[in-house]
Student: 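Here's a structure for you.
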Amino acid sequence: MTSVAVVGAGPNGLSAACRLAQAGLNVTVYERSSVAGGSCRSVDLFGNGSVVDLGAAAHPFGVASPAFKTLKLEAHGLEWIHPKYPMAHPFAGEPAALLHQDIEATAQYLGRDYINWKNLHAPFSNYPEGIGLNLMNPLLKWPNNPILMAKFGAKAIWSAKSVANTFFHSEQARALFAGSSLHSTLPPSYISTSAFGIVFGVLGMTTGWPVAKGGSQSIINALLEVLHLSGGRVQYNSEILNIRDISDNDIIVFDLVPSRILGIEGIEISEQYKRQLKKWRHKSGVYKVDYLLDGPIPWEDSRVNQAGTVHVGGSLEEMNNAEKTVAKGKVPSNPFVMLAQQQNADLSRSARNGENIIWTYAHVPNGCSQDIRPLIEGQIERFAPGFRERIITAVEHTPHDLERWNPNLIGGDIGGGALDGTQQIFRPIAGRQPYRLLKNRIYICSSSTPPGGGVHGMGGWHAAEAVLTDLLR
């Protein structure tokens, strides 16, 4: 029986392992930590019985993932829970922008931008499964729906700022769209960032931005159950530093970023591939702070309390200026803050009645060592006066802390590598088979491969398909 070693038990590594084990291969996953999950883990961070997501929080790609659907994770304990609003974008002294899980309701809320919001998103909202089938595949692969992808490409090539200013009149609509584009960790004035604004908006208005009941760890637990039922196994506390530790396997699949693969002694890939992997660039990092509050955030617009994800960044121009500052390697005075209120949907997150668990991070330069917590709190306070008074305690994780916790997060880069320039298309190397580093032997499946960052397992799924295709040939 063909033996496979998967290095790394994150969502991609486990998805690859499940697919290969179900195909009848002898699969062992090697995980450096004592628990599986990579950046998709949940713990009782505050020691009070509550649930805190250490990494990924809301899951627009997870609920839409073809890999997760095929593996039937919901039959293995995974339950998606949706907040009333997938996302909110607050403003000071003005109503917040609200993304509903419905394109009609979102467009109606935006008033005079009703028609243009629908015209921009409807072609894709009317075919939501197209996001999973087309946009979670490698960009160089012929799409399942070429007409849909041609329409998408015509709009995706623009910058989010250009699309927002061209299509919309209100600051609410502009910020709602551009804020979603910042999941690329690029300034919205950069070309192709509108792709992220469209994709995240469409997912929110169709399949939603749910949380996993009981914490993101529930996704990993479901994957582990599928793996074990398929005959696969996980070997914990097994950091692979030398290829000979796993060289007795026929096939090796790495759920690692390129620099971590190159750091493995005796790695058997060609000099050509090594040169390409050495060129891999990492993007801006994040500075994460988790809060325990004595009650809900006192948002100026109380409807924001019913949103699962909140983009805290002010106007389009403010967000663009902040992200351009980060891109220059500097810390902005008003950074863009991603905030998750998972407890709004999943009441089991807090063990004590009345307390609230809040998850945040700010975009910062890669490897930033400055204390960013005061800036995060200052941003939230702008739109929720009295926020600081609610804080019982907080736990901070600098970019270096995140990298120590998960070595794939180089300098706090949570997306597996920059998404600007050619890296948005060629991940991690130029070629039609991005998952193969050495045919019939070594493969890569991390977030440095298509379709990139996020908890969806598709990098692992596609890598497993590459393995099976090569074996058949």
Side-chain angles (χ1 to χ4, degrees), residues 2-10 12-13 15-17 19-20 25 27-30 32 38 136-142 239-283 366 403 406-411 413 415-453 457-473:
T2 301
S3 61
V4 180
V6 177
V7 180
N12 282 315
S15 295
R19 178 71 182 92
L20 295 172
L25 279 62
V27 179
T28 303
V29 180
Y30 295 85
R32 67 182 291 273
M136 292 193 201
N137 284 328
L139 290 179
L140 296 181
K141 181 181 178 181
W142 185 256
E239 185 172 11
I240 303 303
L241 301 176
N242 193 307
I243 200 71
R244 69 168 174 260
D245 295 336
I246 49 175
S247 61
D248 57 343
N249 288 276
D250 301 304
I251 291 167
I252 300 170
V253 182
F254 287 110
D255 186 5
L256 303 176
V257 296
S259 59
R260 296 303 178 193
I261 293 176
L262 291 173
I264 294 175
E265 190 175 344
I267 189 74
E268 311 162 9
I269 58 176
S270 71
E271 289 301 318
Q272 177 188 2
Y273 277 139
K274 285 183 180 179
R275 285 195 297 271
Q276 291 191 67
L277 293 180
K278 286 178 181 177
K279 295 178 182 178
W280 189 251
R281 294 176 293 104
H282 285 277
K283 62 178 180 181
N366 191 279
E403 185 176 344
N406 182 349
N408 272 345
L409 307 182
I410 307 293
D413 177 0
L419 282 165
D420 57 339
T422 58
Q423 280 196 185
Q424 190 170 352
I425 301 173
F426 302 119
R427 297 178 67 83
I429 57 176
R432 292 186 60 82
Q433 184 45 273
Y435 309 97
R436 183 195 297 131
L437 297 182
L438 184 65
K439 189 175 182 181
N440 291 330
R441 177 62 174 163
I442 297 179
Y443 300 79
I444 177 174
C445 73
S446 69
S447 56
S448 299
T449 65
M458 291 305 296
W461 191 262
H462 291 312
E465 292 297 321
V467 170
L468 296 174
T469 298
D470 287 350
L471 287 176
L472 285 173
R473 286 176 178 170

Student: With a 4.5 Å cut-off on side-chain heavy atoms, are I444 and V253 touching?
Tutor: no
Student: Do the side chains of Q276 and P258 get nearer than 4.5 Å, heavy atoms only?
Tutor: no
Student: How close do A9 and V29 get, heavy atom to heavy atom, and via which atoms?
Tutor: CB-CG1, 3.8 Å
Student: Say you draw a straight line from OG1 of T449 to OH of Y443; how long is it, rounded to the nearest 0.5 Å?
Tutor: 14.0 Å
Student: Who are the salt bridge (Lys or Arg N to Asp or Glu O under 4.0 Å) partners of D420, not counting sequence neighbours?
Tutor: R281
Student: Identify the residue among V4, I252, I264 that makes a side-chain contact (heavy atoms from CB on, under 4.5 Å) with I246.
Tutor: I252
Student: Taking atom NZ of K274 as the centre, does the number of heavy atoms from other residues, nucleotides or ligands within less than 6.0 Å exceed 12?
Tutor: yes
Student: Quick check: closest heavy atoms across A418 and K283, and the distance to 0.1 Å?
Tutor: CA-CB, 3.5 Å
Student: List the steps, then state whether side-chain contact (heavy atoms from CB on, under 4.5 Å) holds for I442 with R436.
Tutor: CA-CA 6 Å; I442 297 179; R436 183 195 297 131; over 6 Å; no
Student: What closest approach, in Å, do A464 and A16 show between heavy atoms, and which atom pair accounts for it?
Tutor: CB-O, 3.9 Å
Student: How far apart are the closest heavy atoms of G416 and S448, and which atoms are they?
Tutor: O-OG, 2.6 Å
Student: Using side chain to side chain donor-acceptor pair (under 3.5 Å) as the criterion, list what pairs up with S3, not counting sequence neighbours.
Tutor: D250
Student: For H282 and S259, what are the C-alpha separation, side-chain angles and deciding distance, and is it a side-chain contact (heavy atoms from CB on, under 4.5 Å)?
Tutor: CA-CA 10 Å; H282 285 277; S259 59; 4.3 Å; yes
Student: Looking at every heavy atom in both P450 and R427, which two are closest together, and how far apart are they?
Tutor: CD-O, 3.1 Å
Student: How many angstroms lie between atom OG1 of T28 and atom CG of L25, to the nearest 0.5 angstrom?
Tutor: 11.0 Å
Student: Looking only at non-hydrogen atoms, find the nearest pair between N366 and G411 and report the distance.
Tutor: OD1-CA, 3.2 Å
Student: Using 0.5 Å steps for rounding, measure from the CD1 atom of I243 to the CD1 atom of I267.
Tutor: 4.0 Å
Student: How would you list all residue pairs meeting salt bridge (charged side-chain N to carboxylate O under 4.0 Å, His left out) that involve residues 252-268, not counting sequence neighbours?
Tutor: R260-E403, E268-R441
Student: Quick one: CD on E465 to CE on M458, what's the gap to the nearest 0.5 Å?
Tutor: 9.0 Å
Student: Using atom types as modelled and distance alone, determine if a side-chain donor or acceptor of N249 lies under 3.5 Å from a backbone N or O of I251.
Tutor: no
Student: Quick one: OG on S447 to CG on N408, what's the gap to the nearest 0.5 Å?
Tutor: 6.5 Å
Student: Look only at the side chain of S247 and the backbone of R244, and say whether a donor-acceptor pair between them is shorter than 3.5 Å.
Tutor: yes
Student: Within the structure provided, determine whether P428 and L277 are in side-chain contact (heavy-atom separation under 4.5 Å).
Tutor: yes
Student: Once rounded to the nearest 0.5 Å, what's the spacing between atom CD1 of I429 and atom OH of Y435?
Tutor: 11.0 Å
